[in-house]
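Some notes on the structure that comes next.
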Amino acid sequence: MSIKKYILISLIVIVLSVAGVVIFAVKKIYAPTEGKKISAYANPQKAILVVDVQEDFTGLKGKQPIPFKNAEKQIAVINRLIENSSKSGMKVVYIRQVFDNNFITRLFVGRTIDGMPGTELDSRIKMVKRNDFTKKISDAFSNQRLEEFLIQN
């Protein structure tokens with residue numbers, strides 16, 4: 001086999017291998033978790049979940065902020081919901097997306113990477129309690145601590 005054919009075949013194998021790893025990682029990040037069925041509680045409570053309102057998504061200082069229309073108005077609405085919920089005794093829970101800091105997520109996701117400031121809550125969001133949880137994939141219920149908190153409360 002000529003050296004050119006060997007190099008071409010080697011490159012094809014490398015590209016296909018990298019593509020397979022990327023596809024596996026993306027599927028893992030966006031796949032919902034499958035847990036046991038939620039029990040019926042004798043005295044169910046309500047909570048408000050503030051999900052993914054982070055610097056890299058809505059913030060003014062994010063690495064790659066997403067240009068939401070009327071972001072200021074939406075933040076004001078979220079803050080009123082947080083304030084009203086808290087005053088009524090409802091738990092307020094903050095959930096942040098934090099991707100692992102690795103080559104794949106830096107290359108293909110680009111934001112909310114572990115260790116970067118964009119993972120923090122949008123600085124305009126009202127924090128009433130430090131009920132702060134992170135998720136490594138798109139499904140917040142993949143975090144066992146969140147599930148335990150909700151069961152206890």
Side-chain angles (χ1 to χ4, degrees), residues 14-153:
I14 291 169
V15 167
L16 291 175
S17 297
V18 169
V21 169
V22 169
I23 290 168
F24 174 78
V26 168
K27 282 184 175 182
K28 183 179 176 191
I29 288 171
Y30 292 106
T33 56
E34 293 183 23
K36 58 185 175 185
K37 187 176 178 183
I38 298 172
S39 304
Y41 295 100
N43 187 19
Q45 303 295 311
K46 293 180 182 178
I48 183 171
L49 305 179
V50 180
V51 182
D52 295 346
V53 187
Q54 297 166 246
E55 284 296 330
D56 269 354
F57 294 137
T58 61
L60 302 172
K61 325 177 256 199
K63 178 181 176 190
Q64 299 173 329
I66 299 170
F68 286 106
K69 288 185 177 182
N70 304 315
E72 290 294 328
K73 188 185 283 188
Q74 291 175 7
I75 297 290
V77 168
I78 293 168
N79 281 334
R80 276 195 306 278
L81 286 168
I82 290 169
E83 190 172 326
N84 292 339
S85 299
S86 179
K87 284 180 183 176
S88 73
M90 197 180 298
K91 297 286 184 193
V92 179
V93 179
Y94 304 89
I95 301 168
R96 297 178 295 116
Q97 179 70 61
V98 180
F99 290 109
D100 287 333
N101 190 347
N102 60 45
F103 174 75
I104 303 240
T105 54
R106 283 193 311 270
L107 181 64
F108 291 101
V109 178
R111 41 174 83 89
T112 65
I113 304 292
D114 195 17
M116 304 295 183
T119 62
E120 296 304 317
L121 282 175
D122 186 309
S123 60
R124 299 167 292 176
I125 290 294
K126 180 176 282 209
M127 176 69 82
V128 292
K129 291 254 169 122
R130 196 69 194 169
N131 298 327
D132 183 31
F133 298 90
T134 60
K135 58 186 174 104
K136 298 260 182 206
I137 63 173
S138 62
D139 184 351
F141 298 104
S142 63
N143 183 327
Q144 190 68 36
R145 284 185 42 245
L146 172 62
E147 183 178 357
E148 290 167 6
F149 176 86
L150 293 173
I151 289 169
Q152 290 172 2
N153 293 283

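Start at 1 with the first residue, then count along the sequence. Model, not experiment: these values are computed from the prediction.
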Kindly say whether Ser123 contributes a backbone atom to a donor-acceptor pair with the side chain of Glu55 at under 3.5 angstrom? yes
Quick one: are [X] and [Y] in side-chain contact, heavy atoms under 4.5 Å?
| X | Y | value |
| --- | --- | --- |
| Lys129 | Lys91 | no |
| Ile95 | Lys135 | yes |
| Asn79 | Ile125 | yes |
| Val53 | Tyr94 | no |

Where do [X] and [Y] come nearest, in terms of heavy atoms and distance?
| X | Y | value |
| --- | --- | --- |
| Phe141 | Leu49 | CZ-CD1, 4.4 Å |
| Ala140 | Leu146 | O-CD2, 3.4 Å |
| Ile137 | Ser142 | CG1-OG, 3.5 Å |
| Ser85 | Val92 | CB-CG2, 4.3 Å |

State the [atom1]-[atom2] distance between [X] and [Y], to the nearest 0.5 angstrom.
| X | Y | atom1 | atom2 | value |
| --- | --- | --- | --- | --- |
| Asn131 | Asn153 | CG | CG | 7.5 Å |
| Leu150 | Glu147 | CG | CD | 8.0 Å |
| Thr134 | Arg145 | OG1 | CZ | 7.0 Å |
| Gln97 | Asp139 | CD | CG | 10.0 Å |
| Ile82 | Met127 | CD1 | CE | 8.5 Å |
| Ile75 | Arg124 | CD1 | CZ | 4.5 Å |

Suppose we screen for side-chain contact (heavy atoms from CB on, under 4.5 Å). Which residues come up paired with Thr119, at least two apart in sequence or across chains? Gln54, Arg96, Val98, Thr112
